[in-house]
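Structure first, then comments.
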Amino acid sequence: MIPEIQQLAYILATVLFIFSLHWMNDPKTARRSVMAGAVAMLVAILATWIDPHIVHHGWIILAIVIGLVVGVPLSRVPLTAVPQRTALSHAFGGAAAGLVGTAKYFLWLGEGPENLTTFRMVAIVAEIILGYLTFTGSLMAAGKLQEVRWIPQRPVVYPFQNVINIGLLVVAIVLGALLVMYPAEPWSGMAFLAIIGLSLIFGVLFIIPIGGADMPTVISILNSYAGLSAVAMGFVLDNKLLIIAGALDGSSGLILSIIMCKAMNRSFANVLFGAFGQVKAAVAKGEQKVYKQESIEGAAQFLEQANSVVIIPGYGMAVAQAQHRTRELYDQLTKRGITVKFAIHPVAGRMPGHMNVLLAEADIPYSALVEIDEINADMPQCDVALVVGANDVVNPAARHDKSTPIYGMPIIDADRAKMVLAIKRSKNPGFAGIDNELYFKDNTWMLFGDAKAVIGDLAKQLSGGGMGH
Amino acid sequence: MIPEIQQLAYILATVLFIFSLHWMNDPKTARRSVMAGAVAMLVAILATWIDPHIVHHGWIILAIVIGLVVGVPLSRVPLTAVPQRTALSHAFGGAAAGLVGTAKYFLWLGEGPENLTTFRMVAIVAEIILGYLTFTGSLMAAGKLQEVRWIPQRPVVYPFQNVINIGLLVVAIVLGALLVMYPAEPWSGMAFLAIIGLSLIFGVLFIIPIGGADMPTVISILNSYAGLSAVAMGFVLDNKLLIIAGALDGSSGLILSIIMCKAMNRSFANVLFGAFGQVKAAVAKGEQKVYKQESIEGAAQFLEQANSVVIIPGYGMAVAQAQHRTRELYDQLTKRGITVKFAIHPVAGRMPGHMNVLLAEADIPYSALVEIDEINADMPQCDVALVVGANDVVNPAARHDKSTPIYGMPIIDADRAKMVLAIKRSKNPGFAGIDNELYFKDNTWMLFGDAKAVIGDLAKQLSGGGMGH
Amino acid sequence: MRRFLFNSGLGRVIPVIILAACLTAIFLSASPAGAQSGTAQEAATPGSHGPATDYWPMLFVLILASFIGLGVIRRVSRLLHTPLMSLTNAISAIAVVGSIVVTGADYPPLIRLLGGIALFASVTNIVSGFLITDRMLRMFKKQ
Amino acid sequence: MRRFLFNSGLGRVIPVIILAACLTAIFLSASPAGAQSGTAQEAATPGSHGPATDYWPMLFVLILASFIGLGVIRRVSRLLHTPLMSLTNAISAIAVVGSIVVTGADYPPLIRLLGGIALFASVTNIVSGFLITDRMLRMFKKQ
Ligand SMILES: NC(=O)c1ccc[n+]([C@@H]2O[C@H](COP(=O)([O-])OP(=O)(O)OC[C@H]3O[C@@H](n4cnc5c(N)ncnc54)[C@H](OP(=O)(O)O)[C@@H]3O)[C@@H](O)[C@H]2O)c1
Ligand SMILES: NC(=O)c1ccc[n+]([C@@H]2O[C@H](COP(=O)([O-])OP(=O)(O)OC[C@H]3O[C@@H](n4cnc5c(N)ncnc54)[C@H](OP(=O)(O)O)[C@@H]3O)[C@@H](O)[C@H]2O)c1
């Protein structure tokens with residue numbers, strides 16, 4: 001009877017998981033997603049727990065309690081820390097898969113080597129390699145994103161790096177193949193541990209050469225690995241639900257990383273093995289051209305006289321936490337009957353959908369957020385394009401200058417607007433480490449300073465100015 | 001080894017089937033669909049044939065040859081006969097499922113009743129009930145569509161009809177339940193045959209009360225039954241490929257029938273139990289209002305002077321096989337720089353997509369075929385709406401007259417065009433059997449006659465006229 | 001029941017019925033099925049619900065396939081609904097797989113005869129289905 | 001190999017590799033697996049490939065689930081890509097199912113310890129994943 005109930009529960013969970021992801025296709029239904037997902041998870045847990053083989057309930061409860069204690073605070077992190085958190089949870093996921101795989105192997109090795117069928121061994125090896133490399137890899141990624149002191153932000157490169165990395169992986173896989181053929185020899189346990197070790201090391205070396213700002217892409221790739229390790233676990237335990245949920249997770253990671261690479265016009269290979277961030281150091285120097293600055297008052301006037309304003313937020317807005325001030329500015333302008341739109345570039349910020357979340361946090365209606373193609377169409381009619389801490393995503397060089405690393409990346413055509421106001425702190429380049437000719441165009445005026453402060457002043461000026469007249 | 005190859009082949013076939021349906025989402029890729037599907041089928045057949053249990057190859061080859069001999073001609077039918085053909089092949093599909101189910105049952109009954117597990121019995125019962133009722137039901141449907149003499153076109157109704165039908169089904173299901181509980185009693189075989197008989201009868205009675213013109217909807221419902229019986233067969237034979245292909249087929253039938261019902265603004269219930277066609281008889285009489293007729297010459301002139309013409313084809317064009325003449329007319333008009341569009345109503349004709357196929361047959365580019373919402377938007381700018389054997393789909397009553405059976409069905413707003421030319425043979429109503437006030441509007445002129453002839457004359461007139469000036 | 005049957009439409013409830021039937025069946029047959037297909041090592045492994053492997057996988061496959069079917073078909077171009085009908089026709093003739101086994105295996109002639117008829121019917125559907133679909137699709141031209 | 005790995009991108013080839021690996025495994029292990037899970041009546045029934053039932057269903061499930069995953073995720077609103085990441089996080093923590101079994105069953109303590117850690121990790125992901133997703137989604141307002 002119980003196995004039937006369990007399977008039924010797993011089918012239910014499957015259906016709920018699929019709907020959960022399906023409902024994410026529209027913000028209106030999205031809230032349901034979480035409900036569906038959570039219910040599915042609960043059902044699955046309970047269905048598993050009633051298994052008569054389970055006797056040590058204390059252990060389970062303990063682990064769950066600790067999980068809760070750690071999990072809740074992890075969900076309270078500021079939105080700017082979401083990428084790190086995501087990376088961290090991939091690390092946890094990878095670890096879980098790896099550990100279960102390890103436990104299962106040694107269990108069967110001890111209690112019944114005949115259970116170590118070729119098929120299971122393949123699954124186990126896949127599970128641990130993927131699991132453990134995801135573990136360390138994601139930890140590194142989290143570290144880089146959190147800008148932890150002792151983890152180098154810049155790509156660390158050394159000769160034959162890629163060869164060495166791939167080499168490591170190959171060795172691990174070869175060992176795995178051996179293990180598949182001789183699962184229960186005296187030396188098998190050792191080999192197994194060796195594979196674990198190699199995977200852990202590979203995870204680290206795999207991330208080191210990748211620049212901190214490329215982490216988001218890496219994260220979603222690791223995301224799909226975490227999913228695949230879950231699939232492998234499903235094969236090991238002959239558990240369909242694991243396979244399905246893992247496959248769903250895997251495809252999500254895959255698709256997100258593809259989207260990011262497309263939007264950056266870069267290949268997986270370039271992200272993973274290109275040591276991209278380096279370019280920065282190289283190009284960053286040598287800026288002769290002159291910036292035209294503008295005062296808060298002047299800028300406020302320009303905005304006041306405009307009919308249509310397009311605000312182009314970028315990573316800088318996230319860093320400065322300027323979304324709430326931006327909201328105030330938005331209110332001031334709309335109050336004057338000025339149409340204000342936000343131009344959202346797919347890779348503005350440091351993770352997909354980054355800007356959307358921040359602006360949503362500041363209660364800006366998502367009907368005001370416009371995607372790149374749409375906004376570029378009416379850019380020529382735009383009176384003022386206000387660039388808030390965005391750089392690469394508005395760099396016209398992407399359109400014509402083959403030499404720049406961002407060549408070919410679709411950009412928001414701020415330069416086609418009647419005039420441009422750009423907010424940034426310094427003359428430093430953006431993520432891609434290249435000059436932005438937009439800042440030197442005749443109809444571009446700079447507002448140097450921290451985005452939060454500048455926008456705040458603009459808003460105050462307008463509210464004040466508004467009364468003045 | 002062989003089972004592995006078979007399963008591998010089945011997985012391949014699964015993937016190909018899914019792609020086959022996926023590619024149907026765009027005419028550009030659609031040709032591939034057939035290739036993918038055919039290859040998948042071939043792979044599946046071969047993979048099954050190599051099963052060592054198969055010894056009587058002669059029988060198989062014989063059956064296949066006969067199948068080819070019958071199948072090829074069946075694929076050459078004129079496009080107007082496509083609905084019948086589809087119905088016929090559902091009958092075949094249902095029969096196949098029913099027969100295999102029967103064979104399996106009696107096989108196991110004879111050779112090893114222990115194989116008749118509850119689960120299998122449920123599957124078998126489901127398979128034969130669905131299979132056999134689909135068989136006779138589809139035959140009836142095909143007959144009605146083919147307008148076979150001894151099958152009544154009009155709905156045949158008698159008191160308590162629905163009660164009797166449902167009753168039959170219930171009896172069959174109850175017998176089935178008994179059989180599931182006592183699969184191998186002395187009387188089980190008899191019960192099994194009884195179920196078959198009841199299903200066959202139900203199939204007939206189920207269709208009798210449904211009007212000939214509702215057959216398309218019925219067909220797609222039977223389509224989904226055929227699919228489900230394949231699923232059941234998959235359960236009986238523990239064959240995943242059968243389950244998957246069956247599920248795909250089932251969902252297709254379901255969705256098409258839903259689309260049709262929506263577009264006719266009717267419920268399944270009304271289609272299946274409403275004995276719809278009757279209405280005709282009732283309303284068809286009593287036409288006092290006067291038609292304004294127009295001569296070919298006059299009509300040709302109107303068309304010549306127009307800037308934009310919208311042609312609204314309906315069932316009449318199909319009956320008259322007027323698509324090729326329509327093409328000539330289309331050429332004549334476009335040659336004069338007149339923009340000609342075709343307004344395609346989802347249920348124009350007698351099956352979904354009917355008009356599209358016919359017009360495609362006449363080499364009219366599908367870029368010229370416009371869907372209802374889109375065309376209705378620019379109807380007011382249309383100079384001449386040429387209605388070719390369409391009636392219900394252009395009947396304004398659907399918008400306001402609650403009493404008509406088509407009330408609420410979305411229609412093509414021919415009446416909003418500057419003028420209307422309507423081609424039909426007589427004063428008879430259309431499928432829904434109701435007057436069409438469109439024909440009596442001030443700016444509507446009738447062209448009575450067979451669509452093929454009338455359109456032909458118009459085209460000739462225009463070509464002649466073209467030279468004349 | 002009848003109300004429900006009508007309003008929601010036979011077509012839509014049938015799958016539900018089928019599934020429900022199967023599930024009840026499963027609960028009735030829990031033990032026998034288990035007896036038939038559990039395997040020592042599976043039973044010994046909690047988490048790999050041995051006794052269930054017999055039919056549960058099929059239910060998972062059914063559920064997933066239905067999701068795919070609904071997803072894919074909903075996106076088929078309206079232009080192609082007629083060809084779609086004949087294509088799915090041909091595809092559902094996959095019943096041929098079952099027919100071949102019944103026809104060709106070493107069973108009593110009468111049973112094989114039934115199989116043979118089924119096989120003939122399926123092949124007819126395959127051939128005519130794919131041919132006519134292709135014939136129709138060949139007609140669709142962009143310009 | 002390396003070229004291929006690079007151009008097509010690790011991310012995209014991994015699934016292929018996995019599948020390939022599994023399949024080779026299957027052919028290597030054809031007989032043992034068969035021996036373990038074939039059942040009398042299944043073997044007696046052509047068409048119900050007895051020996052294969054062990055892992056083939058899982059491959060079918062994997063294939064179908066991947067199709068669904070790609071189909072569904074491709075249609076997720078761009079607005080919600082960040083919440084999507086944390087949602088899939090939480091979902092993939094379904095590994096909890098495996099961890100529970102390993103932790104709670106009557107295994108040697110060391111093994112159960114591994115399981116316990118895995119369980120803790122999974123629960124953390126579930127909790128934080130769903131909570132933060134909900135927190136983000138609550139922020140999205142139409143007007
Ligand atoms: N979204 C993703 O998924 C993703 C993933 C991987 C990589 N990327 C990459 O990240 C980049 C995103 O482009 P982006 O234009 O959004 O950002 P960006 O190119 O990195 O430029 C950010 C700009 O904001 C300014 N800034 C930083 N802190 C600021 C503050 N507190 N106040 C005001 N300005 C500040 C910086 O100039 P100052 O230092 O002078 O202030 C810099 O010019 C793209 O190159 C993209 O390829 C994105
Ligand atoms: N498409 C589907 O899937 C589907 C399925 C089920 C039901 N239906 C129903 O079928 C109807 C389709 O509407 P419809 O407007 O396309 O067709 P209709 O309403 O049936 O009208 C057809 C018209 O064509 C005329 N006609 C018939 N033969 C002709 C010929 N040889 N030459 C010229 N005219 C001819 C008829 O008038 P005369 O007799 O005077 O010539 C009739 O008025 C709708 O009510 C729809 O609900 C469609």
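Naming: A, B, ... by sequence-line order, numbering from 1 per chain.
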Going by heavy atoms in the side chains, are Thr217(A) and Cys261(A) under 4.5 Å from each other?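 In short, these two side chains touch, coming nearer than 4.5 Å.
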Could you check if a side-chain atom of Thr48(A) sits within less than 4.5 angstrom of a side-chain atom of Val101(D), using non-hydrogen atoms only?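 Result yes, sub-4.5 Å side-chain heavy-atom pair found.
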Select, from [options], the one with the greatest count of heavy-atom pairs under 4.5 Å involving chain A.
{"options": "Val76(D), Ile94(D), Val72(D)", "value": "Ile94(D)"}
{"options": "Ser66(D), Gly98(D), Pro83(D), Gly104(D)", "value": "Gly104(D)"}
{"options": "Leu79(D), Ile68(D), Val123(D), Thr133(D)", "value": "Leu79(D)"}
{"options": "Ser77(D), Gly115(D), Gly116(D), Ser99(D)", "value": "Ser77(D)"}
{"options": "Arg112(D), Arg78(D), Arg74(D)", "value": "Arg112(D)"}
{"options": "Val127(D), Leu131(D), Asn125(D)", "value": "Asn125(D)"}

Between Asp106(D) and His53(A): side-chain donor-acceptor atoms closer than 3.5 Å: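 On atom types as modelled, these side chains do not qualify, holding no pair under 3.5 Å.
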Heavy-atom contact with chain D under 4.5 Å, split by part of [X]:
{"X": "Ser252(A)", "answer": "both"}
{"X": "Val69(A)", "answer": "neither"}
{"X": "Val72(A)", "answer": "both"}
{"X": "Ile255(A)", "answer": "side chain"}
{"X": "Ser220(A)", "answer": "both"}
{"X": "Ala30(A)", "answer": "both"}
{"X": "Leu74(A)", "answer": "both"}
{"X": "Leu79(A)", "answer": "both"}
{"X": "Asn223(A)", "answer": "side chain"}
{"X": "Ser20(A)", "answer": "both"}
{"X": "Met24(A)", "answer": "both"}

Rounded at 0.5 Å granularity, tell me how far [atom1] in [X] sits from [atom2] in [Y].
{"X": "Leu114(D)", "Y": "Leu110(D)", "atom1": "CG", "atom2": "CG", "answer": "5.5 Å"}
{"X": "Ile91(D)", "Y": "Ile244(A)", "atom1": "CD1", "atom2": "CD1", "answer": "12.0 Å"}
{"X": "Met139(D)", "Y": "Met136(D)", "atom1": "CE", "atom2": "CE", "answer": "8.0 Å"}
{"X": "Thr103(D)", "Y": "Leu119(D)", "atom1": "OG1", "atom2": "CG", "answer": "4.5 Å"}
{"X": "Asp134(D)", "Y": "Arg138(D)", "atom1": "CG", "atom2": "CZ", "answer": "4.5 Å"}
{"X": "Tyr105(A)", "Y": "Arg120(A)", "atom1": "OH", "atom2": "CZ", "answer": "14.0 Å"}

With respect to chain D, which residue among [options] yields the maximal number of heavy-atom pairs within a distance under 4.5 Å?
{"options": "Gly37(A), Gly93(A), Ala230(A)", "answer": "Gly37(A)"}
{"options": "Gly227(A), Pro73(A), Ala38(A), Ala245(A)", "answer": "Ala38(A)"}
{"options": "His90(A), Arg31(A), Glu361(A), Met351(A)", "answer": "Arg31(A)"}
{"options": "Val357(A), Val70(A), Ile66(A), Val100(A)", "answer": "Val357(A)"}
{"options": "Arg76(A), His354(A), Met355(A)", "answer": "Arg76(A)"}
{"options": "Ile60(A), Leu248(A), Ile344(A)", "answer": "Ile60(A)"}

Given that the side chain runs from C-beta out, which part of [X] has a heavy atom under 4.5 Å from chain A: side chain, backbone, both or neither?
{"X": "Ile100(D)", "result": "both"}
{"X": "Arg135(D)", "result": "side chain"}
{"X": "Ala90(D)", "result": "backbone"}
{"X": "Leu80(D)", "result": "both"}
{"X": "Val97(D)", "result": "both"}

In chain order, what residues pass the side-chain contact (heavy atoms from CB on, under 4.5 Å) check against Ile111(D), with sequence neighbours excluded?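 Ile111(D) satisfies side-chain contact (heavy atoms from CB on, under 4.5 Å) with Ala103(A), Phe106(A), Leu107(A), Val102(D), Tyr107(D), Pro108(D) once adjacent residues are dropped.
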Looking at every heavy atom in both Ser86(D) and Ile132(D), which two are closest together, and how far apart are they?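 Where Ser86(D) meets Ile132(D) most closely, the heavy atoms are CB-CG2, 3.7 Å.
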Which pair of non-hydrogen atoms, one from Ala95(D) and one from Met233(A), has the smallest distance, and what is that distance?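 Taking every non-hydrogen atom into account, CB-CE, 3.7 Å.
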For Phe235(A) and Tyr55(D), I'd like to know if the aromatic rings sit close, meaning centre-to-centre distance below 6.0 Å.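 Centroid separation for Phe235(A) and Tyr55(D): 6.0 Å or greater.
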For Phe60(D) together with Trp56(D), are the ring centres under 6.0 Å from each other?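 For Trp56(D) and Phe60(D), the ring centres are not under 6.0 Å apart.
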Please check if the side chain of Thr29(A) supplies one atom and the backbone of Trp23(A) the other of a donor-acceptor pair under 3.5 Å.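 Yes, Thr29(A) side chain to Trp23(A) backbone: donor-acceptor pair under 3.5 Å.
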May I ask you to decide if Ala47(A)'s main-chain N or O and Gln6(A)'s side chain share a donor-acceptor pair within less than 3.5 Å?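 Between the backbone of Ala47(A) and the side chain of Gln6(A) there is a qualifying donor-acceptor contact (under 3.5 Å).
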